[in-house]
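Notes for the one structure printed next.
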Amino acid sequence: MKKILLTLTTVALLAASARTASAGDREWATAGKILTGVFAGAVLARTFEPVPTYTYAPAVYYSAPVVQAPPTVYYQPAPVIVYSQPVYVQQVPVYVRPAPVYYQSAPVVGVHLGFGRRHQPPPIYRVCR
């Protein structure tokens, strides 16, 4: 009951002291004030809570009655070993033929610097040694 009364009182005080804010006018400042008030209310509520007390119960020990039972003997069957026959696999020969090589002559490129038209192909100069 005390917590409910304290919470209602805190909410009433916060509601009475709240100012109206218009859009674009210090929203983050208003939100920070509200969160600070909520945090302060939670701290005040924790201060008025009673301190918990811990009591320890005495340890109780029970002894089991002593009963003689015949020993239980389990027999495990002998392991079964299975030998498999070896499997021989003959490799299949693989023949690889190299890829064909194609040769193509390089194109001859000529450059003409000058004015006017030329009706003959440009000369190809070769250097012989």
Residues pairing under salt bridge (Lys or Arg N to Asp or Glu O under 4.0 Å) where one sits in residues 55-73, two or more places apart or in two chains, turn out to be none
Residues that, via side-chain heavy atoms closer than 4.5 angstrom, fall in one hydrophobic cluster with Val87
Val89
For Tyr75, which fellow cluster members are found when Ile, Leu, Val, Met, Phe, Trp and Tyr are connected by side-chain heavy-atom distances below 4.5 angstrom, either directly or through intermediates?
Val73
Residues sharing Val96's hydrophobic cluster, by side-chain heavy-atom contacts under 4.5 Å among ILVMFWY, directly or via others?
Val94
Hydrophobic cluster partners of Tyr95 (side-chain heavy atoms under 4.5 Å)
none
Considering only residues two or more places apart or on different chains, which pairs with a residue in residues 63-87 satisfy salt bridge (Lys or Arg N to Asp or Glu O under 4.0 Å)?
none
For Gln91, which residues count as a side-chain contact (heavy atoms from CB on, under 4.5 Å) partner, sequence neighbours excluded?
none
Taking side-chain contact (heavy atoms from CB on, under 4.5 Å) as the criterion, tell me which of Leu8, Thr7, Leu6 meets it with Ile4.
Leu8
So the salt bridge (Lys or Arg N to Asp or Glu O under 4.0 Å) pairs with at least one residue in residues 46-63 (sequence neighbours excluded) are Lys3-Glu49, Arg46-Glu49
Would you list the pairs meeting salt bridge (Lys or Arg N to Asp or Glu O under 4.0 Å) in which at least one residue belongs to residues 71-84, sequence neighbours left out?
none
Test salt bridge (charged side-chain N to carboxylate O under 4.0 Å, His left out) applied to Arg97 - qualifying residues, sequence neighbours left out
none
